[in-house]
Amino acid sequence: MDLEKTSELLENRRNKLSELRDNNINLFPNDFKVLHTVQDIRSAVKEFPESKTDDETVFSVAGRMMAMNLFGKSSFIRFKDRTGQFQAYIRKDKVGDEAYALFKQLDIGDFVGIRGSIFKTKTGEWTILAFELRIVCKAIRPLPEKFHGLKDPEKRYRQRYLDLIMNPEVREIFIRRSKIIQVIRTFFLERDYIEAETPMMQPIPGGAEATPFQTHHNALGMDLFLRIAPELYLKRLVVGGFERVFEINRNFRTEGVSTQHNPEFTMLEFYEAYATYQDLMNLTEDLFSHLSLEITGSTSIVYQGNNIEFSRKWRRISLLKALEEIGGIDPLILNEKDKLLEFANSNGIKITKRNRTGKIITKLFDVLVQPKLIQPTFVTDYPVEVSPLSRRSEKDPALTDRFELFIAGREIANGFSELNDPEDQKARFMQQVSDRQEGDDESHCMDEDYIEALEYGMPPAAGEGIGIDRLTMLFTDAASIREVILFPHMKPQVQRQV
RNA sequence: GGGCCGUUAACUCAGAUGGUAGAGUAUCUGCCUUUUAAGCAGAGAGUCGCGCGUUCAAGUCGCGCACGGCCCA
């Protein structure tokens, strides 16, 4: 006895299901041969509209029924496959009494296979006239309402499959995301890069300032961390002779969820030997212009009401200049920690006294400058203490050959000439370790194995990371990162049995 | 972590001042062989997110919790 309380709708469907089964009807067959897509039919009628209307030309398509208009002895249905939606006309005298009786038992949401020819209805819509109609898969649960679709954001994210069925624009976002990644991959492969996969589980998490997820390997009896960045491994590959290498993969960071953050997110990182951070800025301009053209057909996009132009050449400004010119800070106080602290506090920016000047400056930047950087802007010359893996600037050893890219007020990329002096790298790690001991949980740990790799010699190189989710947001005009991640992170929900 | 908002039928949403819970779509029954959110006639469908409280009486008021959205840190 099933005492589970079910809705009337669900009960109806289940009853119907067992009734059909009792009549020996296979509701989940796998022998219907699909020979055409909706797109195939559309192309065919476009090219030879007359020749397709004869009964000799038969199409064989399948898809999910999205709407049904049932009359007594004939019916119109709308169904869709991966290429689009189409209409079919089912007539009792064409498919036969038995098939028509079965058809009338079907529901919106069921998958059907149709063989038939093409005709135009009175209103001029191309329609497939079914000679044969078969059920290909029975849906037990009803789809959301056809007109309003599925709107509840919680349900859209938790049951993304429903979102994808009901909201075509959502489907388009993820198709576009796939295309973006494909264009990027091709862009680098054409430039003689090699694609690599480096560890997601790392004994020492590094390559970024963030808190990692921790896990455990039972057989090895060791703790491991989900990576916060692939950087240190990709640079080991540069040591190993992969002079041009990239990876597109997931990073994991224990941080709050927001419209800009998901605990797991996709990052493109690439490294090129003998290049400088200047070269990478040029490369980045090329990548974005190319991407924009490939994806949208134009070098500019509209993001949340702002027109953004990707064609060359983007503004390049040093961090300090940006604070002065865009943030409106008196340059005289930038070198004095006490005055900086005072300024920060008077602007409501929370800073601890322990923070070193570089940290304070970048925090001020985040609040005062970043939101104003709408057009693509490279901000350069970051202080050494916030750039533990970057090469020191020749002109000022307190600065690094580094840039961050901002678009629409958001950090999109971070790149720099790589620090390949193992002794300097070791000293930087030591400083990070001491920051950590003073309570900065996000500072790097000492990675002796990485130092050893550098001791074998890493050619001069430059590397960059680009956040794929935020990039996708730009090209899909999405306000929240959850709109570009298929299954965004959610707390488990206590669900009612339905 | 803080603020504001949301959670009512499968879906989209209404439910002033507390007084037996509503619509459209979907579902079920009947009619209908060119519909386009098809039409006509009829019917069924709800732990009002969860808990506690106030009250003769709570979807509605109060407190707490859960989940979600937006903003802030």
Legend entry - I329(A), D381(A), I361(A) screened by side-chain contact (heavy atoms from CB on, under 4.5 Å) with L320(A), the one that passes: I361(A)

Inset, instruction - Using a cut-off of strictly less than 4.0 Å between a heavy atom of the residue and any atom of RNA chain B, enumerate the qualifying residues of residues 83-93 of chain A by number. - result: Q87(A), Y89(A), R91(A), D93(A)

Inset, instruction - Using a 4.0 Å heavy-atom cut-off, write out nucleotides 23-29 of chain B from 5' to 3' as B (base contacted by protein), S (sugar-phosphate only) or - (no contact). - result: -BBSSS-

Counting the atoms with a prime plus P, OP1 and OP2 as sugar-phosphate, which does [X] contact under 4.0 Å by heavy atoms, base, sugar-phosphate, or nothing?
X       : answer
M166(A) : nothing
R156(A) : nothing
G256(A) : nothing
K73(A)  : base
T259(A) : sugar-phosphate

How many whole angstroms separate atom [atom1] of [X] from atom [atom2] of [N]?
X       : N      : atom1 : atom2 : result
Y161(A) : A10(B) : OH    : C1'   : 13 Å
L364(A) : A73(B) : CG    : P     : 13 Å
I77(A)  : A38(B) : CD1   : C1'   : 15 Å
K151(A) : G6(B)  : NZ    : P     : 18 Å
L70(A)  : G39(B) : CG    : P     : 13 Å
Q304(A) : C70(B) : CD    : P     : 11 Å
F119(A) : U33(B) : CZ    : P     : 15 Å
Q159(A) : C67(B) : CD    : C1'   : 14 Å

So, using ring pair (Phe, Tyr, Trp, His ring centres under 6.0 Å) as the criterion, who are the partners of [X] when residues are at least two apart?
X       : answer
F111(A) : none
F252(A) : none
F475(A) : F310(A)

Using the [atom1] atom in both, what is the distance from [N] to [M], to the nearest Å?
N      : M      : atom1 : value
A41(B) : A23(B) : P     : 15 Å
G30(B) : C67(B) : C1'   : 43 Å
A21(B) : U47(B) : P     : 13 Å
G22(B) : U29(B) : C1'   : 23 Å
C52(B) : U60(B) : P     : 14 Å
G46(B) : U8(B)  : P     : 15 Å
C32(B) : A16(B) : C1'   : 44 Å
C50(B) : A10(B) : P     : 13 Å

Inset, instruction - Under the side chain to side chain contact (heavy atoms under 4.5 Å, CB included) rule, collect the residues that match up with E404(A), sequence neighbours excluded. - result: Y382(A), R402(A), F406(A), E411(A), N414(A)

Inset, instruction - List in chain and number order the residues that pass side chain to side chain contact (heavy atoms under 4.5 Å, CB included) with A88(A), two or more places apart in sequence or in another chain; answer none if no residue qualifies. - result: I77(A), F79(A), I90(A), I114(A), I128(A)

Salt bridge check, [Y] against [X]: does any charged N sit closer than 4.0 Å to a carboxylate O?
X       : Y       : result
E154(A) : K491(A) : no
E269(A) : R227(A) : no
D440(A) : K359(A) : yes

Legend entry - Selection residues 81-110 of chain A - residue pairs positive for ring pair (Phe, Tyr, Trp, His ring centres under 6.0 Å), sequence neighbours left out: F76(A)-Y89(A), Y89(A)-F119(A), Y100(A)-F103(A)

So, is [X] close to the [N] phosphate, meaning a side-chain N or O under 4.0 Å from OP1 or OP2?
X       : N      : answer
R482(A) : G69(B) : yes
N69(A)  : U35(B) : no
K491(A) : C67(B) : yes

Legend entry - Chi-angle category of A66(B) [syn within 90° of 0, anti beyond]: anti

Inset, instruction - Tell me which nucleotide among A38(B), G68(B), A10(B) gets nearest to the side chain of F71(A). - result: A38(B)

Legend entry - Test side-chain hydrogen bond (donor to acceptor under 3.5 Å, both in side chains) applied to N167(A) - qualifying residues, sequence neighbours left out: D163(A)

Inset, instruction - Extract the stems that RNA chain B is part of, considering only consecutive pairing runs of at least three Watson-Crick or G-U wobble pairs, both distances under 3.5 Å. - result: B:1-7 with B:66-72, B:10-13 with B:22-25, B:27-31 with B:39-43, B:49-53 with B:61-65

Inset, instruction - Report the residue (A479(A) or V367(A)) whose heavy-atom-nearest nucleotide on RNA chain B is the more 5′ of the two. - result: A479(A)

Inset, instruction - For E125(A) and for L150(A), locate the closest nucleotide of RNA chain B by heavy-atom distance; then report the residue assigned to the nucleotide nearer the 5' terminus. - result: L150(A)

Taking only distance into account, with no hydrogens and no angle test, what donor-acceptor pairs under 3.5 Å do side-chain atoms of residues 21-28 of chain A form with protein atoms, sequence neighbours excluded?
| from | atom 1 | to | atom 2 | distance (Å) |
| --- | --- | --- | --- | --- |
| N23(A) | ND2 | E19(A) | O | 3.4 |
| N26(A) | OD1 | F28(A) | N | 2.9 |

Inset, instruction - Look at atom CD of E98(A) and say whether more than 12 heavy atoms of other residues, nucleotides or ligands are closer to it than 6.0 Å. - result: no

Show me, pair by pair, the donor-acceptor contacts under 3.5 angstrom made by side chains of residues 29-37 of chain A, not counting sequence neighbours?
| from | atom 1 | to | atom 2 | distance (Å) |
| --- | --- | --- | --- | --- |
| D31(A) | OD1 | R134(A) | NH1 | 3.3 |
| D31(A) | OD1 | R134(A) | NH2 | 2.8 |
| H36(A) | ND1 | S60(A) | N | 2.9 |
| T37(A) | OG1 | Q39(A) | N | 3.3 |
| T37(A) | OG1 | D40(A) | N | 3.0 |
| T37(A) | OG1 | D40(A) | OD1 | 3.4 |
| T37(A) | OG1 | D40(A) | OD2 | 3.3 |

